[in-house]
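Each remark here refers to the structure printed beneath this line.
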Protein chains: 2
Amino acid sequence: MAEPAERKPRKDAARNRAAALAAADDLFARCESPESVTMADIAAAAGVGKATLFRAFGDRTGLIHALYKARLEPVGTAIEEGPPPLGPATPPLQRVPALLDAVLRFKLDNRHLALALEGAGGDSPYQADHYQRWHGMLQAILERIPGLTDSDFTAHALLAAVRADLVEHLAGQGGVPRERMREQLASFVAKVLDSRTSSGTSSG
Amino acid sequence: MAEPAERKPRKDAARNRAAALAAADDLFARCESPESVTMADIAAAAGVGKATLFRAFGDRTGLIHALYKARLEPVGTAIEEGPPPLGPATPPLQRVPALLDAVLRFKLDNRHLALALEGAGGDSPYQADHYQRWHGMLQAILERIPGLTDSDFTAHALLAAVRADLVEHLAGQGGVPRERMREQLASFVAKVLDSRTSSGTSSG
DNA sequence: CAAGAAGCGGACCCTCGGTCCGCATCGTAC
DNA sequence: GTACGATGCGGACCGAGGGTCCGCTTCTTG
């Protein structure tokens with residue numbers, strides 16, 4: 001009752017929305033810098049007016065979020081309710097690297113999109129729901145590792161290692177091949193998890 | 001001879017440049033989001049014309065870089081040729097956490113500026129010289145730690161943990177106090193360094 | 001002090017995100 | 001099928017901000 005909202009959209013509206021997403025997806029994939037893809041470009045490529053974009057998605061970041069969310073859904077559910085090594089049945093010490101590897105692969109597979117999202121506008125990526133989701137999941141898993149402290153910060157720090165622009169820098173300019181990068185990340189995560197987890201907080 | 005360039009600048013030019021830097025510094029420190037500080041604002045605050053800014057710094061990112069570089073200089077030299085625990089005389093296992101702590105403190109002390117820089121325009125922060133410098137130093141130190149592999153990636157990953165927007169997120173919205181954050185970072189770095197550094201790179 | 005170089009500044013341009021409003025299209029009731 | 005409101009469409013339009021141009025001022029130098 002509190003939410004009668006959400007009438008089902010009209011047919012043409014749905015079609016236009018889909019066309020916009022497809023066009024945007026395509027443009028972001030092709031173009032070098034996400035900045036170079038303008039809303040007018042997307043509208044033109046989708047064969048709709050600019051206003052249609054803004055009506056459907058609110059603003060530029062809304063569009064990018066919608067795109068990202070669609071791509072992200074499979075990964076999210078795979079982690080939340082899928083089979084091992086990603087799913088909840090996996091013991092934490094294996095699940096953490098699996099999760100980060102999944103995130104890395106996702107960013108490698110969606111480089112331009114991820115870049116567009118994290119570089120979007122100037123509002124911090126840490127506000128975005130998808131980040132909150134990943135961080136929440138990772139932190140929850142970390143918390144189940146005995147002796148590991150500061151799960152909140154640790155989750156942030158680990159996720160920072162797979163930030164889109166870093167991945168792009170390494171894969172793009174750095175020329176680091178995919179598998180090599182996965183190994184390096186795995187090795188790094190292992191270091192964090194393997195260490196004798198007596199908190200070494202040296203005071204001051 | 002190959003570089004006759006760099007005539008010494010005219011007096012008023014130097015004065016205006018300094019005024020611009022001071023004004024920009026001030027504005028960035030006051031305003032919430034770096035986005036909200038426009039070039040026109042800076043010009044007005046400095047009492048000069050917009051063209052003077054662009055002549056002196058090339059473009060917006062040039063101005064921010066110049067500001068940042070000035071602030072950064074002391075820290076850079078402290079690491080490169082200062083006394084322990086930052087300077088080169090320090091053994092690697094202590095110098096790495098010292099360096100990262102210095103970076104963290106710097107970002108905490110210059111939050112707005114760092115945010116402005118890393119969020120600047122949309123061009124990756126990994127291209128910037130100051131990042132290259134820090135990464136280079138950190139990697140060089142890491143390389144001197146026996147048994148530690150992938151010093152390049154490790155340096156990136158460690159520096160990612162102190163990225164401006166993460167620091168801002170934790171210190172700002174998260175309300176994490178300064179000392180707490182330093183402890184968490186130290187603990188994280190310790191985990192990376194302390195672990196039995198047999199490279200865990202599982203092949204394939 | 002004269003002359004030319006160097007710099008100045010604000011009016012101006014362009015791009016781009018975002019909005020407005022008259023018109024077309026859709027869903028529906030008859 | 002048709003008439004009629006509601007919903008959506010689209011391109012002209014707006015405002016803001018980065019960056020440039022050009023006639024004028026100020027510094028430098030002999």
Side-chain angles (χ1 to χ4, degrees), chain A residues 4-24 27-28 31-67 115-123, chain B residues 4-24 27-28 30-67 112 115-123:
Chain A
E6 305 304 321
R7 267 177 302 268
K8 84 176 174 190
R10 240 167 62 172
K11 194 174 51 175
D12 52 350
R15 179 171 38 77
N16 282 335
R17 182 187 170 93
L21 282 175
L27 285 181
F28 278 123
C31 292
E32 270 319 297
S33 166
E35 311 281 311
S36 65
V37 178
T38 77
M39 293 299 272
D41 290 340
I42 298 173
V48 303
K50 273 177 61 179
T52 300
L53 289 191
F54 288 98
R55 203 174 308 111
F57 302 103
D59 58 7
R60 184 187 163 92
T61 68
L63 200 172
I64 297 176
H65 271 80
L67 260 181
L115 265 182
L117 186 70
E118 295 188 14
D123 48 287
Chain B
E6 305 303 321
R7 268 176 302 268
K8 83 176 174 192
R10 243 167 60 171
K11 194 174 52 176
D12 52 351
R15 180 171 38 77
N16 282 335
R17 183 188 169 93
L21 282 175
L27 285 181
F28 278 123
R30 288 191 203 297
C31 293
E32 270 318 298
S33 165
E35 309 283 310
S36 65
V37 178
T38 76
M39 294 299 272
D41 289 341
I42 297 173
V48 303
K50 273 178 61 179
T52 300
L53 290 192
F54 288 97
R55 204 173 309 109
F57 302 103
D59 58 7
R60 183 188 165 91
T61 69
L63 200 171
I64 297 176
H65 271 79
L67 261 181
H112 299 92
L115 266 182
L117 186 70
E118 294 188 15
D123 48 288

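What's counted below: heavy atoms across the whole structure, side chains too, no hydrogens, waters or symmetry copies. Every chain is numbered from 1, with letters handed out A, B, ... down the list of sequences. Fair warning: this is a prediction, and the values are worked out from it, not measured in the lab.
B:Arg17 contributes atom CZ, which lies 11.0 Å from atom CG of B:Leu53 (distance to the nearest 0.5 angstrom). In this structure, the separation between NZ on A:Lys50 and CE on A:Met39 is 8.5 Å, given to the nearest 0.5 Å. One distance of note links CG of A:Asp59 with NE2 of A:His65; it measures 9.5 Å at 0.5 Å rounding. The structure places CG of B:Leu63 at 6.0 Å from CG of B:Leu21, a figure rounded to the nearest 0.5 Å.
Across A:Phe28 and A:Pro34, no two heavy atoms sit closer than the pair CE2-O, 3.8 Å. A pairwise comparison of heavy atoms in A:Ser36 and A:Cys31 identifies OG-CB, 3.7 Å as the closest pair. The nearest pair of heavy atoms linking B:Leu27 to B:Ala45 is CD1-CB, 4.0 Å. Shortest non-hydrogen contact noted between B:Ala20 and B:Ile42 is O-CG2, 4.0 Å.
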Problem set entry | Watson-Crick and G-U pairing of DNA chain D written in dot-bracket, each distance under 3.5 angstrom, with | for inter-strand partners | ||||||||||||||||||||||||||||||

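Going from atom CG of B:Leu53 over to atom C1' of D:dG17 covers 13 Å, rounded to whole Å. The interatomic distance linking A:Arg17 (CZ) with D:dC9 (C1') rounds to 16 Å, in whole Å. In this structure, A:Asp41 places its CG atom 12 Å from C1' of C:dG17, rounding to the nearest Å.
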Provide a list of protein-nucleic acid N or O atom pairs under 3.5 angstrom, restricted to nucleotides 27-30 of chain D.
none

Measure all distances between protein nitrogen or oxygen atoms and nitrogen or oxygen atoms of nucleotides 19-22 of chain D, and list the pairs falling under 3.5 Å.
unit_1, atom_1, unit_2, atom_2, d
D:dG19, OP2, B:Arg60, N, 3.0
D:dG19, N7, B:Lys50, NZ, 2.9
D:dG19, O6, B:Lys50, NZ, 2.3

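Look at A:Asn16 and you'll find a side-chain N or O under 4.0 angstrom from OP1 or OP2 of D:dC9. Distances shown here put every side-chain N or O of B:Thr38 at or beyond 4.0 Å from the OP1 or OP2 atom of D:dG17.
Contact of the B:His112 side chain with the B:Leu115 side chain is not registered, since no non-hydrogen atoms from C-beta on lie closer than 4.5 Å.
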